Amino acid sequence: MKVPFIDLERQHKPIKKDLMQAFERVLDSNKFILSDEVKKFENEIASYTETKYAIGVSNCTNALLLSLKALGIGTGDEVITTPFTFVATAEVIAILGARPVFCDIDGKTFNIDVKKIKDHISARTRAIIPVHLYGQAADMAEMMDLARAYNLKVVEDMAQAIGAKYKGKMVGNLGDTACISFYVTKNLNALGDAGMILTNDEKLDTKIRAYRVHGAQKKYHHDFLGYNDRLDAMQAAFLSIKLKYLDDWNAKRRQIAKRYDEGLGNVVMTPHISKDNESVYHQYTIRAEKRDELGNFLNSKGIGTAIHYPVPLHLQPAFRYLGYKEGDLPEAEQAAGEVISLPIQQDLTEEEVDYVIECVKQFYKK
Ligand SMILES: Cc1ncc(COP(=O)(O)O)c(C=O)c1O
C-alpha cells in the first residue's frame, strides 16, 4: 500500500468544478489584485476567526514582516521567539535589523516554554512571536500576562493553526496581530502562496493595509515606504471555496489523530495536547527512538514522512552571527533529533491509517 505524506489531488478532485468556476469568474472579471474577491475573503476570515480585521497578503512570511514593521520594530530591538519552527518566524526579525532571541521549548507540546520567556527579557525586548506549532496554540494566557507586565507586543505565528481553539476561543485573537499561511500544504491551502494578518486594533489595520501597498493609503500618495504584499483575487476566490470545508477537514484530521493515538500510544510518544487546546493537527508529529531509521523503514513500506524540523534555528548557519552554540537550548535540540511527522491529511482512509500504525509497530518489534 502507498500512503503519501500529502496528496493534493485527493483534496481537489471533489471540488474541482467549483474551483474551475471560480477561476473563470475571476478571469472574466479581469480584476486580479485586491479586488472584491479579496475583500469578501477577508471578511469571511475575520468572521471565521472572530477577529475585527483581516488583511490579505501574499504569504505568511510577509504577514509576519508587515506585523513587526507596523509595530515599529527595527534596528536595535530584540524579539523573543522559539528556535523550533520554520525559518520564516525568526528570519523576518533579522531582516528588519532586529535581533531574534531564542527561548527554549516545552518538550511535551514543542511550543515555546512560557515559563522561560522572562529569563530572556532585556531592556531592548520589544515583542514576542509565539508559534502555534503543528496546529496547537502556545500557552497564550501566561504569555499575554507577561507581555502586558513588560509592555511587549505579541505577534502570533498561526501559520499552522487556522481553526484551532485555545480556552474555547478561536486562535488568532490574543496577540496584537496573528499571521496565517495559506501555503499549499496548510490545512486551508491556496493554489500557490497566500497569507492573512488578523488584528482587533483599528490603527494597526490601517497601517498594515498601507504597508501592503507601498505605504499608500491613497493611490500614488506614499506616507511612508512600504512593500508590495497583496493577495491575488484568484487565490482569495479559491480559498473562499475551501473555507467552507475547513471545519470538516479539521474534524477529520482530529479523527485520524485519535486513531493514531490509540494505535501508537504505547509504542512512541504521541502528540500531547494541553487541556486548554483544541488542535487542528496541521502535523501529527511523534517523538521516536531511532527516528531516522523509522523514517527509512516507513518510506520503504510506501509511507511518506517528514521532519519538522531537523535543525533548530539557533544552530542554523544563517543565524550563526547570533553566537549560539550546541547545548544552549537543549529541549529544542533534542526534539530536532527525535521528531517525525506521519501522514495526517484529511482524505486518508482508515485502512491507510491502520497500515501506518501497523508499520510503526512492526519497526519496533524488529
Ligand atoms: C510556523 C510557520 N511560520 C511561517 C511560515 C511561512 O509561511 P509562508 O510559506 O506562507 O510564507 C510557515 C510556513 O511553512 C510556518 O510553518
Side-chain angles (χ1 to χ4, degrees), residues 5-6 8 38 41 45 54-69 79-96 100 102-103 105-106 109-112 127-138 140 154-164 171-172 175 177-198 208 211-212 227-232 235-236 238-239 242 253 271 279-285 306-314 316 318-319 332 335-336 339 341 344-345:
F5 189 69
I6 190 152
L8 294 175
V38 171
F41 181 57
I45 289 290
I55 308 143
V57 290
S58 49
N59 54 62
C60 181
T61 304
N62 291 351
L64 293 162
L65 187 84
L66 260 59
S67 294
L68 293 181
K69 190 79 191 162
V79 178
I80 298 172
T81 191
T82 165
F84 198 55
T85 176
F86 181 62
V87 67
T89 315
E91 189 181 32
V92 295
I93 301 168
I95 279 176
L96 287 174
F102 294 114
C103 173
I105 57 165
D106 173 324
T109 63
F110 302 113
N111 275 326
I112 194 166
I128 309 171
I129 308 184
V131 177
H132 305 321
L133 200 71
Y134 306 149
Q136 167 173 221
M140 290 304 291
V154 174
V155 173
E156 296 176 67
D157 181 340
M158 58 174 289
Q160 306 185 0
I162 186 163
V171 160
T177 73
C179 302
I180 306 173
S181 173
F182 301 119
Y183 177 67
V184 286
T185 58
K186 295 294 191 271
N187 292 32
L188 179 59
N189 49 347
L191 307 185
D193 275 314
M196 189 79 72
I197 302 169
L198 308 176
I208 292 168
Y211 271 122
R212 177 175 71 169
Y227 303 84
N228 174 2
D229 246 328
R230 305 166 301 211
L231 176 60
D232 284 352
Q235 296 304 344
F238 295 145
L239 285 161
K242 292 187 177 194
R253 282 174 182 265
S279 175
V280 287
Y281 288 99
H282 174 57
Q283 302 296 352
Y284 187 89
T285 304
I307 309 293
H308 303 104
Y309 296 92
V311 183
L313 296 187
H314 66 291
Q316 294 279 359
F319 290 116
V339 293
S341 305
I344 184 78
Q345 186 179 353

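Here the structure is a predicted model, which is why all the values come from computation and not from measurement. FYI, the numbering just counts along the sequence from 1. Just so you know, ligand 1 is whichever comes first in the structure, and atom 1 is the first atom listed for that ligand.
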Pairs under 3.5 angstrom, nitrogen or oxygen on both sides, ligand 1 versus protein: list them out, please.
{"unit_1": "ligand 1", "atom_1": "3 (N)", "unit_2": "Asp157", "atom_2": "OD1", "d": "3.2"}
{"unit_1": "ligand 1", "atom_1": "3 (N)", "unit_2": "Asp157", "atom_2": "OD2", "d": "2.7"}
{"unit_1": "ligand 1", "atom_1": "10 (O)", "unit_2": "Cys60", "atom_2": "N", "d": "2.9"}
{"unit_1": "ligand 1", "atom_1": "10 (O)", "unit_2": "Ser181", "atom_2": "OG", "d": "2.7"}
{"unit_1": "ligand 1", "atom_1": "11 (O)", "unit_2": "Cys60", "atom_2": "N", "d": "3.3"}
{"unit_1": "ligand 1", "atom_1": "11 (O)", "unit_2": "Thr61", "atom_2": "N", "d": "2.9"}
{"unit_1": "ligand 1", "atom_1": "11 (O)", "unit_2": "Thr61", "atom_2": "OG1", "d": "2.5"}
{"unit_1": "ligand 1", "atom_1": "14 (O)", "unit_2": "Lys186", "atom_2": "NZ", "d": "2.8"}
{"unit_1": "ligand 1", "atom_1": "16 (O)", "unit_2": "Gln160", "atom_2": "NE2", "d": "2.9"}

Sequence neighbours excluded, the answer for side-chain hydrogen bond (donor to acceptor under 3.5 Å, both in side chains) partners of Thr109 is none

Residue set satisfying side-chain hydrogen bond (donor to acceptor under 3.5 Å, both in side chains) with Ser67, at least two apart, ordered chain then number -> Thr177

The reported gap from NZ in Lys242 to CG in Asn187 (rounded to nearest 0.5 angstrom) is 11.0 Å

Taking the six-membered ring for Trp, are the ring centroids of Phe182 and Phe238 within less than 6.0 Å of each other? no

With a 3.5 Å distance limit and no angle check, can you tell me whether Asn111 reaches the backbone of Leu133 through a side-chain donor-acceptor pair? yes

Across all chains, not counting sequence neighbours, the side-chain contact (heavy atoms from CB on, under 4.5 Å) partners of Val184 are Leu8

